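A quick write-up on the structure given underneath.
Predicted, not measured: the structure shown is a model, and the values here were computed from it. Numbering starts at 1 and runs along the sequence shown.
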Amino acid sequence: MESLRNEEQRKVLMGFFKTGPGEYGEGDEFLGLKVPQTREVAKKALNIDDGPLNIDDVPELLMSKWHEVRLCGFLILVEMFEKQATKRLINDAEAIRKRDEILTIYLQYAERANNWDLVDLSAPKILGAWLLLPSNLGDRNDKMRMLDELAQSECLWKQRMSIVCTWKTSQMGDATWCLRYAEIHLHHSHDLMNKAVGWMLREMGKRVSMDLLRDFLRQHAHEMPRTMLRYAIEKMSEKERKEWMAVDGFRGKR
């Protein structure tokens with residue numbers, strides 16, 4: 001990955017991911033690789049003829065100072081998880097053990113997913129999928145307690161994981177996760193979280209039920225930051241969007 005370094009692209013990415021003093025990505029370092037390049041490296045690492053990358057090697061990638069190398073590590077975990085989550089292997093004992101192992105490593109190094117792209121490209125496909133699959137680590141209530149810990153963490157990126165992972169649960173037809181963590185993060189002060197919550201509410205409405213989305217808005221639109229609300233209603237008709245945006249009593253950023 002270091003051999004693919006691109007200085008011009010590196011400067012663009014450092015600005016795009018807000019790495020300046022006081023910004024949310026302060027101090028992060030980039031090689032200047034585009035995501036398709038990183039995906040290609042991850043796939044190659046898992047398909048080396050003389051021995052694919054072992055899961056025990058992934059933490060070295062996750063601890064790298066380079067943003068793209070950490071992303072590569074998380075994408076490798078995604079690939080590993082998805083191979084153990086096919087329909088044929090959902091209830092397979094060895095597959096369940098491997099999925100739990102991958103999930104455990106993912107959570108152990110969660111703080112290394114220290115920007116929104118690292119979270120968004122990994123949390124739904126690992127954490128979100130795991131929530132609705134058989135596990136030896138606990139039942140649905142245990143999983144919810146684990147997700148609550150992420151949501152209540154002081155780490156912004158763990159908080160984002162707790163809501164963005166619900167993209168997958170909504171795709172699988174379960175709205176309860178999205179609704180729970182949207183409510184928990186309803187008054188979050190960070191714009192990245194307001195956007196994420198609105199985005200996940202929008203996806204829940206699209207994938208599961210627009211009526212559930214409208215019920216949520218009827219309860220909470222008056223207290224939602226406007227950015228969050230705007231994202232949540234993005235796929236509604238112009239007439240309905242204007243009606244929701246006209247609700248009085250907004251809190252947070254306008």
Side-chain angles (χ1 to χ4, degrees), residues 1-85 98-99 101-130 150 153 155-165 167-168 190-193 195-196 199-200:
M1 295 186 75
E2 290 183 355
S3 72
L4 298 172
R5 182 169 180 153
N6 183 317
E7 188 64 24
E8 184 176 339
Q9 179 70 7
R10 185 186 75 84
K11 292 177 181 178
V12 172
L13 292 174
M14 290 182 70
F16 184 72
F17 286 105
K18 308 295 184 184
T19 62
E23 295 181 309
Y24 59 74
E26 180 178 358
D28 203 356
E29 297 191 50
F30 286 77
L31 290 168
L33 277 64
K34 295 182 178 179
V35 173
Q37 291 177 288
T38 302
R39 287 191 184 279
E40 186 64 25
V41 173
K43 288 182 182 296
K44 285 182 178 179
L46 290 169
N47 293 284
I48 299 173
D49 291 336
D50 60 352
L53 191 76
N54 189 283
I55 192 169
D56 294 332
D57 298 319
V58 174
E60 184 176 351
L61 300 177
L62 301 180
M63 291 303 296
S64 172
K65 71 175 183 178
W66 300 114
H67 183 103
E68 296 94 334
V69 176
R70 297 196 305 278
L71 174 58
C72 185
F74 284 116
L75 291 177
I76 287 170
L77 289 181
V78 168
E79 290 277 340
M80 289 178 169
F81 190 93
E82 290 185 333
K83 286 182 179 179
Q84 302 301 324
K98 289 181 178 179
R99 291 198 301 263
E101 180 183 16
I102 295 165
L103 185 279
T104 299
I105 291 176
Y106 182 69
L107 293 180
Q108 183 179 353
Y109 291 91
E111 291 189 20
R112 301 301 294 167
N114 57 346
N115 215 310
W116 57 265
D117 62 319
L118 302 178
V119 173
D120 297 358
L121 291 172
S122 61
K125 293 182 177 181
I126 298 176
L127 180 56
W130 176 81
L150 291 177
S153 166
C155 174
L156 174 65
W157 310 115
K158 288 184 177 182
Q159 294 168 6
R160 189 174 173 97
M161 282 181 179
S162 71
I163 183 64
V164 172
C165 75
W167 191 3
K168 186 66 173 180
H190 203 293
D191 196 51
L192 280 178
M193 287 298 293
K195 290 177 179 179
W199 171 30
M200 290 303 105

Between [atom1] of [X] and [atom2] of [Y], what distance do you get to the nearest 0.5 Å?
| X | Y | atom1 | atom2 | value |
| --- | --- | --- | --- | --- |
| Q84 | R99 | CD | CZ | 7.5 Å |
| I163 | K195 | CD1 | NZ | 16.0 Å |
| K18 | N115 | NZ | CG | 11.0 Å |

For residues [X] and [Y], determine if any side-chain heavy atom of one lies less than 4.5 Å from a side-chain heavy atom of the other.
| X | Y | answer |
| --- | --- | --- |
| M80 | I55 | yes |
| F74 | L62 | yes |
| L150 | L127 | yes |
| W157 | L118 | no |
| K158 | L107 | no |
| L33 | W66 | no |
| R70 | L61 | no |
| N6 | L31 | no |

Item to complete: Evaluate side-chain contact (heavy atoms from CB on, under 4.5 Å) for L71 paired with L121, printing each intermediate quantity in order.
Response: CA-CA 8 Å; L71 174 58; L121 291 172; 3.8 Å; yes

[X] atom [atom1], over 12 foreign heavy atoms within 6.0 Å:
| X | atom1 | answer |
| --- | --- | --- |
| E8 | CD | no |
| W167 | CH2 | no |
| E82 | CD | yes |

Discussion item. Which residues pass the side chain to side chain donor-acceptor pair (under 3.5 Å) test with R160, not counting sequence neighbours?
Written reply: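 With neighbours one apart ignored, the set is D120.
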
Indicate the atoms forming the closest heavy-atom contact of [X] with [Y], along with that distance.
| X | Y | answer |
| --- | --- | --- |
| W130 | L103 | CD2-CG, 3.6 Å |
| A113 | M161 | CB-CE, 3.7 Å |
| Y106 | S122 | OH-OG, 2.7 Å |
| G73 | V58 | O-CG1, 3.6 Å |
| C72 | M1 | CB-SD, 3.8 Å |
| C165 | A123 | CB-O, 3.7 Å |

Worksheet item: Residues two or more places apart in sequence or in another chain: which of them pass side-chain contact (heavy atoms from CB on, under 4.5 Å) with E79?
Response: K43, L46

Item to complete: Would you tell me whether D117 and H67 have side-chain atoms, one donor and one acceptor, within less than 3.5 Å of each other?
Response: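 Yes.
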
Worksheet entry | Check: E68 side chain, K34 main-chain N or O, donor-acceptor pair, under 3.5 Å | no

Discussion item. For G22, is there any backbone N or O sitting under 3.5 Å from a side-chain donor or acceptor partner on E26?
Written reply: yes

Discussion item. Under a 4.0 Å threshold between the charged nitrogen and the carboxylate oxygen, would E2 count as salt-bridged to R5?
Written reply: no

Worksheet item: Hey, what's the ring geometry for F30 with F17, parallel, tilted or perpendicular (30° and 60° as the breaks)?
Response: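 The arrangement is parallel - the two ring planes meet at less than 30°.
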
Discussion item. Ring-plane angle category for Y24 and H190, please: parallel below 30°, perpendicular beyond 60°, tilted otherwise.
Written reply: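 Perpendicular: the ring planes of Y24 and H190 meet at over 60°.
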
Practice prompt. Evaluate the criterion salt bridge (Lys or Arg N to Asp or Glu O under 4.0 Å) for residue pair R10 and E7; output intermediate values, then yes/no.
Written response: CA-CA 5 Å; R10 185 186 75 84; E7 188 64 24; 2.7 Å; yes

Discussion item. Please enumerate all residues that pass ring pair (Phe, Tyr, Trp, His ring centres under 6.0 Å) together with Y109, with sequence neighbours excluded.
Written reply: none

